[in-house]
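FYI, side chains are in, hydrogens and waters are out, and symmetry mates aren't considered; it's all heavy atoms of this structure. These numbers come from a predicted model, not from an experiment.
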There are 4 protein chains.
Amino acid sequence: MTPKAEQVPVLRADAARNRARVLQAAREQLAAGDDSLQLNTIARLAGVGVGTVYRHFPNRLALMEALSAERFRELVAEARAAADDEDALAGLHRLLRFTLGRALEDTGFASVLESASDTEPETAALKAELDRAVAQLLDRALLTGAVRRDLGPGDVRRLLCGIEHALRSGDYDEARRELYLDVLLEGLRPPR
Amino acid sequence: MTPKAEQVPVLRADAARNRARVLQAAREQLAAGDDSLQLNTIARLAGVGVGTVYRHFPNRLALMEALSAERFRELVAEARAAADDEDALAGLHRLLRFTLGRALEDTGFASVLESASDTEPETAALKAELDRAVAQLLDRALLTGAVRRDLGPGDVRRLLCGIEHALRSGDYDEARRELYLDVLLEGLRPPR
Amino acid sequence: MTPKAEQVPVLRADAARNRARVLQAAREQLAAGDDSLQLNTIARLAGVGVGTVYRHFPNRLALMEALSAERFRELVAEARAAADDEDALAGLHRLLRFTLGRALEDTGFASVLESASDTEPETAALKAELDRAVAQLLDRALLTGAVRRDLGPGDVRRLLCGIEHALRSGDYDEARRELYLDVLLEGLRPPR
Amino acid sequence: MTPKAEQVPVLRADAARNRARVLQAAREQLAAGDDSLQLNTIARLAGVGVGTVYRHFPNRLALMEALSAERFRELVAEARAAADDEDALAGLHRLLRFTLGRALEDTGFASVLESASDTEPETAALKAELDRAVAQLLDRALLTGAVRRDLGPGDVRRLLCGIEHALRSGDYDEARRELYLDVLLEGLRPPR
DNA sequence: CATGAATGAGTCTTCATTCAT
DNA sequence: CATGAATGAAGACTCATTCAT
């Protein structure tokens with residue numbers, strides 16, 4: 001199996017540049033706290049025609065998923081590293097803390113992460129890949145009795161997004177972030 | 001203090017009837033799965049002019065909070081009962097399960113419950129009342145070492161809404177509901 | 001039977017004024033040879049918000065039909081007069097000439113006149129009324145053997161619009177108008 | 001001078017193939033009931049770049065006319081045959097019935113047939129050729145007093161398109177087609 | 001107080017045409 | 001010659017809010 005078959009039909013140089021610009025503009029919008037992702041606005045910010053945005057991303061969701069793709073790749077790498085960790089529980093901690101950070105930084109990513117239905121096939125694939133890695137991690141953690149056996153990777157994903165949601169709905173600081181994360185981690189352990 | 005210092009100016013009979021109609025229409029919308037709460041639509045459904053809706057509720061949020069008031073009262077009662085329970089932990093369980101059910105039934109209520117800033121003073125008052133009761137409950141539970149000491153009633157409220165969010169973002173059934181609730185309850189206990 | 005039950009819920013004075021303005025603006029557009037009937041443009045010309053236009057007329061077609069209503073009333077009157085004419089054939093001539101004139105003046109009216117499917121119930125009603133009057137006229141003309149028996153009022157309507165179409169697709173003058181009309185009238189007579 | 005007096009520059013093999021593909025795709029669109037003839041869409045269906053379509057056909061109309069050329073050639077042949085018919089009136093009948101069939105099958109052709117202004121010189125030439133043949137036919141029919149003398153070939157063309165329009169605007173069946181055609185043919189005869 | 005018509009900024013989306021590759 | 005990405009003007013439509021009646 002090749003590491004990754006090109007799923008995209010290879011873009012022309014200028015098309016790729018525009019696509020990147022659009023993604024960049026979208027990222028900046030999100031970072032500025034505007035998660036409406038209006039394709040018109042993005043186009044303007046990207047210095048690109050609206051039509052160009054629509055060509056690359058037929059709607060908000062497609063754009064959001066594209067933005068998430070990169071994050072997902074990072075996450076998959078992290079999850080794999082965690083799955084290779086000697087101490088599975090420690091690996092899980094690290095992975096969840098990392099993911100929480102990303103989700104808090106980027107609402108769009110958080111919503112794609114928790115969503116049950118994806119538009120882009122690539123998103124679905126990445127999510128599946130992530131879930132596989134997490135499943136392995138959970139399996140290993142199970143051996144040492146470090147986590148409940150009735151939770152799958154999808155549950156973990158959603159529960160983490162729940163924590164993220166809880167944080168976001170209040171005024172959260174570093175301490176509360178650790179606190180809620182800890183509540184989750186304790187909750188994932190087998191009940192006493 | 002009179003048994004009930006009316007904070008709300010007594011309404012004329014017809015005004016009260018209209019207000020009730022609007023609330024009813026809004027509830028039906030939400031029940032029908034439409035949480036956009038467009039004041040125009042509500043007005044039409046309530047058989048009332050838009051202006052009337054605006055008079056009673058200046059915006060979506062105010063309407064949502066009004067809808068939640070009743071739920072809050074119910075919840076406060078439940079929380080007090082729980083605080084009086086012999087077994088504080090059992091009371092907490094009951095309270096959280098009850099709350100989760102309400103939040104899952106009613107998105108609007110869930111969002112008011114988790115929100116940090118309220119528009120209507122009444123909402124703020126009710127939420128404070130709820131938090132007081134929960135604080136008592138937590139205090140009692142602390143005595144038996146049943147919960148962490150670093151969590152306040154606001155945290156519990158938000159964490160529960162996090163769980164609700166996690167459930168809602170997937171296809172949840174009765175079992176998963178219990179499962180996530182259990183994860184939360186375990187997570188609230190003091191770390192081992 | 002009252003001559004005409006109010007089918008419209010009686011408009012408020014200002015609403016009626018706006019509706020009239022919109023219709024007027026639309027008429028001017030058509031007269032100016034622009035039959036695109038863009039609701040935005042009409043609104044601007046009428047000095048009225050777009051929303052107002054949309055409230056009164058949900059789409060181009062509804063507007064066009066409303067514009068046609070008045071013409072239809074005129075036409076019905078004409079048709080009834082024709083049906084009462086001593087000389088049925090002469091009445092038919094007059095009616096068709098009159099109708100052709102209106103249709104050539106107003107593309108919108110022509111297209112509503114020939115259309116088989118109407119959006120507004122009022123249009124359908126008026127068209128039916130017209131057809132009834134024409135049917136009477138044809139019946140009377142039949143008695144003197146002045147027209148074919150295999151043509152109904154709908155056929156006559158459409159054939160006339162066909163003539164109108166033929167004229168419009170070339171450069172027509174008064175003479176050609178009479179010529180084509182004559183071709184139609186001769187064609188309506190029973191074959192020799 | 002190169003051995004190529006063609007008015008149409010000989011196309012390179014691949015260019016010719018592309019042109020044919022575009023025409024084919026356009027025909028299929030029309031057959032599928034979509035008469036918007038969007039050059040982008042046609043290009044996609046033809047498996048060809050938009051630019052290529054534009055090179056061959058600067059706009060919708062040019063494409064439509066090109067599509068009609070073949071039909072015109074057929075029609076000219078038919079008209080000549082009709083002009084040679086012993087019975088001029090019978091020939092005219094046949095020709096009109098044939099033309100009506102084609103026009104009903106193909107909106108694009110109908111509109112080119114009735115149009116007074118053509119974009120492509122080839123279309124103008126073909127239409128002139130057709131009109132010449134019809135003029136001969138009419139002349140011969142005149143000798144036997146079978147048609148009015150005040151109608152030229154252009155009138156006949158347009159009147160036929162009028163009939164086509166009348167049919168198309170209703171639900172037409174075989175019978176109605178014959179009926180309207182008969183109305184036209186009777187109408188073309190000299191008035192009694 | 002109630003009404004609901006009016007408003008119009010704002011958003012989404014399409015498509016004919018151009019032009020760099 | 002062919003390609004198809006890019007363009008962006010233009011049009012359709014919505015909806016929160018105001019205010020004359």
Side-chain angles (χ1 to χ4, degrees), chain A residues 9 11-19 21-22 36-44 46-56 58-60, chain B residues 11-19 21-22 36-44 46-56 58-60, chain C residues 9 11-19 21-22 36-44 46-60, chain D residues 11-19 21-22 36-44 46-60:
Chain A
L11 290 176
R12 235 167 61 180
D14 54 344
R17 200 187 56 237
N18 279 333
R19 188 173 195 278
R21 276 191 192 175
V22 170
S36 61
L37 278 197
Q38 303 180 136
L39 299 200
N40 274 310
T41 308
I42 303 286
R44 186 163 37 73
V48 142
V50 223
T52 303
V53 177
Y54 273 86
R55 167 178 292 268
H56 287 294
N59 51 53
R60 279 185 79 257
Chain B
L11 290 175
R12 252 170 47 180
D14 56 342
R17 202 186 54 238
N18 279 337
R19 188 174 194 280
R21 275 191 191 177
V22 169
S36 61
L37 277 197
Q38 303 186 86
L39 299 200
N40 275 293
T41 307
I42 303 287
R44 185 164 36 75
V48 143
V50 222
T52 305
V53 176
Y54 270 85
R55 169 170 308 276
H56 289 292
N59 51 51
R60 281 184 77 255
Chain C
L11 290 177
R12 235 167 60 180
D14 55 344
R17 200 187 55 237
N18 279 333
R19 189 175 193 279
R21 275 190 191 176
V22 170
S36 61
L37 278 196
Q38 304 180 136
L39 300 200
N40 274 312
T41 308
I42 302 286
R44 186 164 37 73
V48 142
V50 222
T52 303
V53 176
Y54 273 87
R55 166 179 293 270
H56 287 293
F57 311 102
N59 51 52
R60 278 184 81 257
Chain D
L11 291 175
R12 253 169 47 182
D14 55 342
R17 203 187 53 238
N18 279 337
R19 189 174 193 279
R21 275 191 191 176
V22 169
S36 60
L37 277 198
Q38 303 186 86
L39 299 200
N40 276 292
T41 308
I42 303 287
R44 185 163 37 74
V48 143
V50 223
T52 304
V53 176
Y54 270 84
R55 169 169 309 276
H56 289 293
F57 311 101
N59 51 50
R60 280 184 79 256

S.K.: Return the nearest nucleotide to the side chain of T52(A); candidates are dC1(F), dT7(F), dA2(E).
M.R.: dT7(F)

S.K.: Over how many whole Å does the gap from R21(A) atom CZ to dA5(F) atom P extend?
M.R.: 17 Å

S.K.: To the nearest 0.5 Å, how far apart are CG in D14(D) and CZ in R19(D)?
M.R.: 14.0 Å

S.K.: In this structure, how many angstroms lie between the C1' atom of dC1(E) and the CZ atom of R19(B), rounded?
M.R.: 15 Å

S.K.: Kindly point out which of dA2(F), dA6(E), dA6(F) is positioned nearest to the side chain of D14(D)?
M.R.: dA2(F)

S.K.: Might you list the N or O atoms of the protein lying below 3.5 Å from N or O atoms in nucleotides 13-16 of chain E, with each pair's distance?
M.R.:
residue: dT13(E); atom: OP2; partner: Y54(A); partner atom: OH; Å: 3.2
residue: dC15(E); atom: O5'; partner: Q38(D); partner atom: OE1; Å: 2.9
residue: dA16(E); atom: N7; partner: N40(D); partner atom: ND2; Å: 3.0

S.K.: Please report, rounded to the nearest Å, how far the C1' atom of dG4(F) is from the NE2 atom of H56(A).
M.R.: 11 Å

S.K.: Which residues pass the side chain to side chain contact (heavy atoms under 4.5 Å, CB included) test with R44(A), not counting sequence neighbours?
M.R.: T41(A)

S.K.: Tell me the closest heavy-atom pair linking A43(A) and V53(A), and the distance in Å.
M.R.: CB-CG2, 3.5 Å

S.K.: Taking only Watson-Crick and G-U wobble pairs with both distances under 3.5 Å, what dot-bracket line describes DNA chain F, where [ ] shows pairs that cross earlier ones and | shows pairs with another strand?
M.R.: .||||||||||||||||||||

S.K.: Not counting sequence neighbours, which residues clear side chain to side chain contact (heavy atoms under 4.5 Å, CB included) with T52(D)? List them please.
M.R.: N18(D), V48(D), H56(D)

S.K.: Just how far, in rounded Å, is C1' of dA2(E) from CZ of R17(B)?
M.R.: 11 Å

S.K.: What's the CG-P distance between N18(C) and dT21(F), to the nearest Å?
M.R.: 11 Å

S.K.: Tell me, please, which residues at least two apart from N40(A) pass side chain to side chain contact (heavy atoms under 4.5 Å, CB included).
M.R.: V50(A)

S.K.: Taking all heavy atoms of F57(C) and all of L39(C), pick out the closest pair and write down the distance.
M.R.: O-CD1, 3.6 Å

S.K.: Roughly, in whole Å, what's the span from CZ in R44(A) to C1' in dT11(E)?
M.R.: 12 Å

S.K.: Suppose we screen for side chain to side chain contact (heavy atoms under 4.5 Å, CB included). Which residues come up paired with L37(C), at least two apart in sequence or across chains?
M.R.: A26(C), L30(C), I42(C), R60(C), L63(C), M64(C), L67(C)

S.K.: Out of dG4(F), dA6(E), dA2(F), which has the shortest distance to the side chain of R55(A)?
M.R.: dG4(F)

S.K.: Atom CD1 of I42(C) to atom C1' of dG11(F): distance rounded to whole Å?
M.R.: 13 Å

